[in-house]
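Take a look at the structure set out below.
Because the structure is predicted, anything quoted here is derived from the model rather than measured.
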Amino acid sequence: FHPAAGPSEPKMAGADGDDSLYPIAVLIDELRNEDVQLRLNSIKKLSTIALALGVERTRTELLPFLTDTIYDEDEVLLALAEQLGNFTMLVGGPEYVHCLLDSVRLLAVEACVSIATLLPQEDLETLVMPTLRQAAEDKSWRVRYMVADKFSELQKAVGPEITKNDLVPAFQNLLKDCEAEVRAAAANKVKEFCENLPEDGRETIIMTHILPCVKELVSDTNQHVKSALASVIMGLSTILGKDNTIEHLLPLFLAQLKDECPEVRLNIISNLDCVNEVIGIRQLSQSLLPAIVELAEDAKWRVRLAIIEYMPLLAGQLGVEFFDEKLNSLCMAWLVDHVYAIREAATCNLMKLVEKFGAEWAQNTIVPKVLGMANDPNYLHRMTTLFCINALSEACGQEITTKHMLPVVLKMSNDQVANVRFNVAKCLQKIGPVLDNNALQTEVKPVLEKLAADQDMDVKYFAQEAISVLALA
């Protein structure tokens, strides 16, 4: 819907309140339009809009809006660059022209990527590279950020030769940039950049040019930079192979596992699998564990939660003996955490572990501990037993459920706390399908009938629901 009054007549909007906002609103609308021609036309009206807004708002609102919003066809980018070229007076004269140039140069980086993909190799050197070299060393950090952010696309667009001669030094500079945002954007691209290097000289380029910069970033002062690096650095191990990984990368991973920023540590843990494939878990485990234990006991519950979510992955990587020896007790401790979300996640974690390690393992290591909590004086812990049984019965199978779990559940139907009793009813409904008919008829049915006559409304309700779902009526 486009109002009849064009942006050139802001006075028409007087009735709607702030008439100076009107042209921007229409512009936003038109610049998002599907139709390229319409977008081009609205760009041509920019100077009118800038006049209506005045120099202050053109600088603070219109320009940022333009450079943030427009990722567009080359045609539109060029039209925009052309318009902005005539904007000097509209932003307040020559002393403010720097904010314009920022915008034009940001758009130039966008355009370089699109143009480079279209040009034959021999024209790149003369037509695109001068702009790119300037952009990579631009005095405005936003422009350098844009180069870092688009680096992989640039690399693909310009091909291996220019990458070796031009992009490698440019990338080094971006990784050492004085602005953290630029370093973080470049750090994010480390793995992709290294992967896309031409195979014949890849290892040498990485070891001599890239790795030294990466080493510095591991102890960067800015946590976003460290975190960005941690999310991709493990991927270098596949590219560099076992010996390099052990000698050069492991020390970096370990430094990051001990980083004070939880996000850095988690990014490393969640990407362990690719290193494991290259060097094997024993190498990692000695140094890895203390860091994991620390996270598992972190004061912030969200950090504990994140680690729980990685536990099945870690367990799969570390293997069962290692897990039992080092991590099992952590997993049990989470079941009695004071935060409900942690107890809930810990229950779900146990189920995934049983799926990984099997029912026999569960019977020997987990089930006894879970069932032991049924006698805990704290009723919340008694309920956790029931939640665990709900989660584990299917994975553990009929025999373990009937022999070991069911008796505990039935006994808990006499609990003093109504909340526990109605969870017994829900639990029986959940594990019913795992049990055989004999157990259902002779053991479950009498207990549910007793609970269906309970004085508590909720207990009654859930017992009756279980009876009908299990068809025991």
Distance-only donor-acceptor pairs under 3.5 Å for side chains of residues 123-130, two or more places apart:
from : atom 1 : to   : atom 2 : distance (Å)
E125 : OE2    : R133 : NH2    : 2.6
T126 : OG1    : D123 : O      : 3.1

Residue pairs fulfilling ring-ring contact (aromatic ring centres under 6.0 Å, His included) with at least one residue in [range], sequence neighbours excluded:
range: residues 103-139; answer: none
range: residues 219-269; answer: none
range: residues 152-209; answer: F151-F171, F151-F193, F171-F193

> Going by heavy atoms in the side chains, are Q121 and I162 under 4.5 Å from each other?
Replying inline: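 Yes, at least one pair of side-chain atoms sits under 4.5 Å.
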With sequence neighbours left out, what residues match [X] under side-chain contact (heavy atoms from CB on, under 4.5 Å)?
X: E153; answer: V113, K150
X: A362; answer: V354, V367, C396
X: A187; answer: L217, A228, L229
X: Y461; answer: E465

>> Give me each pair satisfying side-chain hydrogen bond (donor to acceptor under 3.5 Å, both in side chains) with a member in residues 340-354, each pair once, sequence neighbours excluded.
In response: none
Which atom pairs, one a donor and one an acceptor, fall under 3.5 Å between side chains of residues 290-300 and the rest of the protein, sequence neighbours left out?
from : atom 1 : to   : atom 2 : distance (Å)
D298 : OD1    : K300 : N      : 2.8

Can you give each donor-acceptor pair under 3.5 Å made by side-chain atoms of residues 384-392, sequence neighbours left out, with the distance rounded to 0.1 Å?
from : atom 1 : to   : atom 2 : distance (Å)
T384 : OG1    : L380 : O      : 3.0
T385 : OG1    : V370 : O      : 3.1
T385 : OG1    : A374 : N      : 3.2

> Within a reach of under 6.0 Å around CD of E263, are more than 12 heavy atoms found that belong to other residues, nucleotides or ligands?
Replying inline: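 Counting neighbours around CD of E263, 12 or fewer heavy atoms of other residues, nucleotides or ligands fall under 6.0 Å, so no.
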> Which pairs, with at least one residue in residues 207-229 and sequence neighbours excluded, count as a salt bridge (Lys or Arg N to Asp or Glu O under 4.0 Å)?
Replying inline: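 Found R183-D220, K226-D259, K226-E260.
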